[in-house]
Every structure is written in structure tokens, then in C-alpha cells.
Amino acid sequence: MKLKRTHTCGQLRRGDVGAEVILNGWIHSRRDHGGLIFFDLRDRYGKTQVIFDESVAKAAFAKAKGLGMEDVIAVRGPVVARSTENINPKMVTGEIDMSCTELEVLNEAEPLPFLVTDRESANEDLRLTYRYLELRTEQLQHNLITRSKIYQLVRSYFTGEQFLEIETPFLMKSTPEGARDYLVPSRIHQGKFYALPQSPQIYKQLLMIAGYDRYFQIVKCFRDEDLRADRQPEFTQIDVELSFVDEEDIFAIVEGLIGRLFKEIQGVQLPAAFPRLTHREAMERYGTDKPDLRYELELQEFAPFVEPSDFNVFKAVLKSGGRVKALVATGCARYSRKDIDELTAWLTRYHRAKGLAWMKAAGDGLEGGIAKFFGDDLQKEIITQLDVKEGDLLFIIGDRAKVALPALGALRVELARREGLVNTDEVRPLWITDFPLLEFDEETQRHVAVHHPFTAPHADDIQLLDTDPGQVRSRGYDLVINGHEIAGGSIRIHDANLQDRLFRLLGISPDEAEAKFGFLLKALRYGAPPHGGIAFGFDRLVMVLVGTGQIRDVIAFPKTTSALSLMDGAPSEVSEEQLKELGIRLDEKMKDSQ
RNA sequence: GGGACCGUAGUUCAGUUGGUUAGAACGCCGGCCUGUCAAGCCGGAGGUCGCGAGUUCGAGUCUCGUCGGUCCCGCCA
């Protein structure tokens, strides 16, 4: 190219008027007036309007005639001021034009599959197929530029706090527990496989044992599970681990980082310390372990009103050890029977609830739904105790605790969405603490780790490990922001005997523990310091910081819901030779389907 | 593994109860036009109605299957 840029397309201002400049970029849009042509020339820094005037530069004008959207050009000419009535207040460069005297066409673009000016102009599958075009859109450029800033802020924060950035292997040993591994076959050791890390958990604990007492890494992780709007099979974590610490040290470090990120990216000042909720309290009040605190609408205890009532369904629920809780939907008495039926259908379909009971507040009593099972005095008591106001709608769910609380929690989120209760300017971080250490898995009929098997049990509950493992609290914690689980971590077990005991509790035999985690158990015997850490879902953090609900909006080249890369066609078949080298033979059925 | 919604021109969509030649906007091509910034005006080209079967005298429309996308449940230590 002959004309190399002297400025970017977002740079020129009134003060540059008179300067001779060269700009390089893409033709974002063109407006042809016959003897006068306007281009908006775009690069990632912004847009500048370029004018081609037949009477000023005949050759450049003639070439510009034939150009169209997304052609790549270089233009030379003076910066000229716009007359007052021609100033475009919507553009930061709107007070000036660049009057082109020389034009070099760097590359002409074929007609586009969709408009780069408008992200909504194509379905997502088409945009993903031409992801490099979608990445030219303002929104995605903004998201990726912000993401880049966040990497830098994270690195400068942690290195400023004396953390070391250390890389850990991508080709590692497959371990049981947790998500399905992505496997990588070994050529040198045919029949054996590496696994891509679900997280660098064990490595960072080994780094603590090695004495690197403050470690962090911005690292890709891989989990072969089904996708969601906020979940990709490969994603990025900010992985952090510290030695000689307890929960308070971790919280302080994280609060410092999150505070700085929101200050720098959003200009929002967060409190120096974040509020904390125990897991139990979060479930009781919000029906979820990741509550969105930007709105109230808390779950309320309804059990006291069940016994004096005539509603036998709830009585039976309580008798069998279940829970009955309520949600007071402010001003929702206007909901029609159809609205309520829709909510009921949604809850039974997606949240395993058997039903959704309701009553409307009218006058000084309750009516509709199950109101007839509650006497006048009992209704008045409900209204007083639950602070029900005229025009409110009372939703009640009775079921096993595992169903009733999450279902009502889901209803809370849905009602907030419908009623527009979410203040999108607010940022509400909080810590969830005191998770249960173990959870009984019905399918495999054994206990599984709620967090992971290296999480330390709460000191007060260790004696319960053998008698009532389900009641043991862990030293795990989650950071939740606006209803998104942003980070999770724990104080780890640094005692080999306790770790051994945990493996046994999880139904991992001594032999298996030795085979799968022997290296960790051995390392714990060579002077392991007390340690703990946390891992951030980096993509989700970026989502919250740029204000999108879709993880694909913050990843340059994401996969579809079925884990395909529409642009390059991954995953794809490989040659017989490649398979042979790896000692792999495909199932006949798969060959047929190819 | 399961559920819901979607697939019509390059793109976004409309298309009535199953009925003549499947429309609009943007984009593209050609023409006019010297102050637009969603430029405007005139004209033109452009369709395997995702794919396959079925029902029917007749299918973009109904049924089944299949492929792809999105969202959700399960799953995600």
C-alpha cells in the first residue's frame, strides 16, 4: 500500500482542520449525490466522513463512484471544518470532514451476506458463519475492546498485589468427578489419553505446596457439557490461589479487584466490602444460591398459616417434611386467570413444581384461587404477617424443600422480569458462604462434592463427616453479582489424611484415589501450607461489565448451542492416517453416518 | 437425553381457510442528483419456500421424519 494512515478514523477533531492527513479503513456507508459523494470511513477507533467532490479531485472522485460498502481504502486530503448546519452531533468526529484528494483502493469487498451496520440484520447462524464480519459491528468491537481492558486491569491488579502469573498444562490427566472431560489421544502412548483441564485446580494447589504463595492465571478451561446462553464448552477463568490465608483474605483480595473493575469500566463505586449470605439463608429468602439483589420480592414463610386452614394439600406437604413458602407479587392482582395458568404451566414444566397456588388481595381479605380454604381471621393474619397490600397477588408453593424453594425462586426472577423490577444501572455483589460440603446424588446413590473434593469442611462440622455427612458445611464461597455466579472458590484441604477421608466419603476407593489423585495426596504429605483460592468465570464477568446476557457477545469465536463452530466447521472428520497414527478405529455406525 | 420456538429473494420479514404469476423493505445492478449522515428519486435483476417423504385434484400453508439455529430442563465437582 502506498498511503499509510497518519491518523485513525476516530481521531480527527476541529483542532485538526487544515492538516493534510491519510486515513485507512472500511467504507461503512456511502451517500452519492451525483457530483458529491460521502463515505463514512470506519476502523476500530471510530468513523470519519470523507468527501469526494468532482470539482476538487476528479480522479479520486471517479474511483470513489465505483466503490461500495466494506471496500477497504486509503484516502489522503485535508481536514476541513463543517459549516454549522452540517455538523453531526451524533458523531465525535462530526464537526469535520476529510476532503479526499487521493484515493487508493486496497481491497474491494464482494456483496455482503448481511449489513455490518446492523447486527440485527441477520440471524445468528449466518452471523456466526461470517463471524469476522459480525466482529466488525460496533457492539462486538466495543465488547472485545472492553474485554481486552479487563485482562489488563486484572493483570495489573494481581501483579500489584504480589501475585505471580504462572501457566499450567492444557494436556493433563483425566480425573473422575466433575464435568465430562475433553479427551486428547496420545500418539506416542497409543490407547492413552490426555484431558483438557476443566480448571487448573490441582496444579494451583501444587503451586501452593511448591511455595508460590500468590498465584493467578487467565486461563482457558474446557468442559464437555451442554451449552447455555451463559455457557460455552471452552471458556476463560481468572484462576487465583493463595497460601497462609483464610476466607477473609480471599474476600478482601476479590473485593479489591471487583471494585476496581467496576470503577474503571463502568464508573460505578462499589462498597469496600460486599454483603454476605449463608447458602441456607439465600435459599430461604431468594430460592437460589445466586440471588439478584437488585429487587426485593423475597420468599416468605407460609407454614404457620397452613395448620389453621382447610387446605389439605399443604398440610400433607408439611406432614411429610416439605416446605410451604409464599411470594407477594406487588400489584399483580390484575393478572388474569390465563396469566396465572401460564406461570403455573411454566413452573410445572421447567421447575418440577406440582402446582402454583394463589390468592388475590381485595378489600380487607383474600379472594380467588385457594382463598376459600382460609377463614376470615386467618386471611387477615396472612395479610398482616406477610405485609400484603390491596391489589397484590399472593403465590404459594408447597413441596419438598428441593422443589419448592427453587421453583419459587424462579418465579421471583420471572415476576421481576415481567414487572420491570430490575434497575439495570445497579450493581449488587454479594458473597454466598457456608455451602453444604456434600450432596446426595439420587442417580448414583452416593454423596458428591457440591464444590469439588478438595474443599475443606467447616471445622465445627468435621465430627459430622461420619455420622451425618449431608449436614457438613464447607469452607466454600461464591461471588454473585446481579444474579450471575461470577466466581467460586474455597479454602482447601491441606492435610493428606483428611483428603483421604473425603475421597472415601465420596465413594472413591483407596486404590482409585491412589490411581487418580495419588500425586496430590503424596504432595500434601511434603509440607502443604494452608491455602485457598477462587476462580472467576471471566466471560461472565465481562458479560456483566458490558451489560449483555449472552456469552457469545463477549467471545470472539464462539460455538453454537450444539458446540459447532459454524465458521470453520469444527468439529470435523479426520483422515484414516491421522486415526491410524493414534491407534483409533471408529465405530462402524459412525462411519456409516459420515 | 427431553421440551418450546424458528427456517420463504443476498438479508430481515409478510404470505388469509390448502387454490391464478409467492410480495415488501434493505442490499445488489443501471440511471438522475453538490451537503448527506437511515440521503433522495426512477428503473432492473434476484426464489430448490432448509432437506426428504406423505395426505390431497392441488402444499410455502396440513402430517411425519431429518438437518440447522435459539432458549430452557437434565447435565455443568
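Only heavy atoms go into these numbers, but all of them, side chains included; no hydrogens, no water, no symmetry mates. Per chain, numbering begins at 1; letters A, B, ... match sequence-line order.
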Which atom pairs, one a donor and one an acceptor, fall under 3.5 Å between side chains of residues 398-408 of chain A and the rest of the protein, sequence neighbours left out?
residue: A/Asp399; atom: OD1; partner: A/Lys354; partner atom: NZ; Å: 2.9
residue: A/Asp399; atom: OD2; partner: A/Lys354; partner atom: NZ; Å: 3.1

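Residues passing the side-chain hydrogen bond (donor to acceptor under 3.5 Å, both in side chains) test with A/Glu419, sequence neighbours excluded: A/Arg334, A/Tyr335. Listed by chain and residue number, nothing satisfies the side-chain hydrogen bond (donor to acceptor under 3.5 Å, both in side chains) test with A/Gln237 (two or more places apart in sequence, or in another chain). Contacts of A/Arg231 classified as salt bridge (charged side-chain N to carboxylate O under 4.0 Å, His left out), with partners at least two apart in sequence or in another chain: none. By the side-chain hydrogen bond (donor to acceptor under 3.5 Å, both in side chains) test, A/Gln445 is found to be paired with no residue, residues two or more places apart in sequence or in another chain being considered. Qualifying side-chain hydrogen bond (donor to acceptor under 3.5 Å, both in side chains) partners for A/Gln141, counting only residues two or more places apart in sequence or in other chains: none.
Sorted by first and then second residue, the pairs that involve residues 35-60 of chain A and meet salt bridge (Lys or Arg N to Asp or Glu O under 4.0 Å), not counting sequence neighbours, are A/Arg5-A/Asp43, A/Arg31-A/Asp40, A/Arg42-A/Glu70. Within the structure, every pair that satisfies the salt bridge (Lys or Arg N to Asp or Glu O under 4.0 Å) test and touches residues 476-499 of chain A, not counting sequence neighbours, is listed here: A/Glu241-A/Arg492. Residue pairs meeting the side chain to side chain donor-acceptor pair (under 3.5 Å) criterion with at least one partner in residues 501-521 of chain A, sequence neighbours excluded, are A/Asp466-A/Arg501.
Heavy atoms of A/Pro113 sit under 4.0 angstrom from primed sugar atoms or phosphate atoms, though from no base atom. Within the 4.0 angstrom heavy-atom criterion, no nucleotide atom of any strand lies near A/Gln198. Base contact: A/Ser199 has a heavy atom under 4.0 Å from a base atom.
Here, B/rC42 and B/rU11 have their P atoms 26 Å apart, quoted to the whole Å. Rounded to a whole angstrom, the distance from the C1' atom of B/rG3 to that of B/rG74 is 11 Å.
In this structure, A/Ile555 CD1 and A/Arg131 CZ are separated by 8.5 Å, a value rounded to the nearest 0.5 Å.
A salt bridge does not link A/Arg223 to A/Glu234: none of the charged side-chain nitrogens sits closer than 4.0 Å to a carboxylate oxygen.
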How does protein contact run along nucleotides 31-40 of chain B, one letter per nucleotide 5' to 3', with B for base contact, S for sugar-phosphate only, - for none, heavy atoms under 4.0 Å? --BBBBBSB-
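Near-neighbour residues of RNA chain B inside residues 478-494 of chain A, defined by a heavy atom below 4.0 Å, are absent.
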Output a table of nitrogen or oxygen pairs between the protein and nucleotides 68-74 of chain B separated by less than 3.5 Å.
residue: B/rG69; atom: OP1; partner: A/Thr560; partner atom: OG1; Å: 2.7
residue: B/rG69; atom: OP1; partner: A/Ser562; partner atom: OG; Å: 3.1
residue: B/rG69; atom: OP2; partner: A/Ser562; partner atom: OG; Å: 2.9
residue: B/rU70; atom: OP1; partner: A/Thr561; partner atom: N; Å: 3.4
residue: B/rU70; atom: OP2; partner: A/Thr561; partner atom: N; Å: 2.6
residue: B/rU70; atom: OP2; partner: A/Thr561; partner atom: OG1; Å: 2.4
residue: B/rU70; atom: O5'; partner: A/Thr561; partner atom: OG1; Å: 3.0
residue: B/rU70; atom: O3'; partner: A/Arg552; partner atom: NH2; Å: 3.2
residue: B/rC71; atom: OP1; partner: A/Gln550; partner atom: NE2; Å: 3.1
residue: B/rC71; atom: OP1; partner: A/Arg552; partner atom: NH1; Å: 3.3
residue: B/rC71; atom: OP1; partner: A/Arg552; partner atom: NH2; Å: 2.9
residue: B/rC71; atom: OP2; partner: A/Arg552; partner atom: NH1; Å: 3.3
residue: B/rC71; atom: OP2; partner: A/Thr561; partner atom: OG1; Å: 3.4
residue: B/rC72; atom: OP2; partner: A/Ala229; partner atom: N; Å: 3.1
residue: B/rC73; atom: OP2; partner: A/Arg228; partner atom: NE; Å: 3.1
residue: B/rG74; atom: N7; partner: A/Arg228; partner atom: NH2; Å: 2.8
residue: B/rG74; atom: O6; partner: A/Arg228; partner atom: NH1; Å: 3.0
residue: B/rG74; atom: O6; partner: A/Arg228; partner atom: NH2; Å: 3.1
residue: B/rG74; atom: N1; partner: A/Asp226; partner atom: OD2; Å: 2.6
residue: B/rG74; atom: N2; partner: A/Asp226; partner atom: OD2; Å: 3.3

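If you take CE of A/Met69 and P of B/rU11, they are 14 Å apart, rounded to a whole angstrom.
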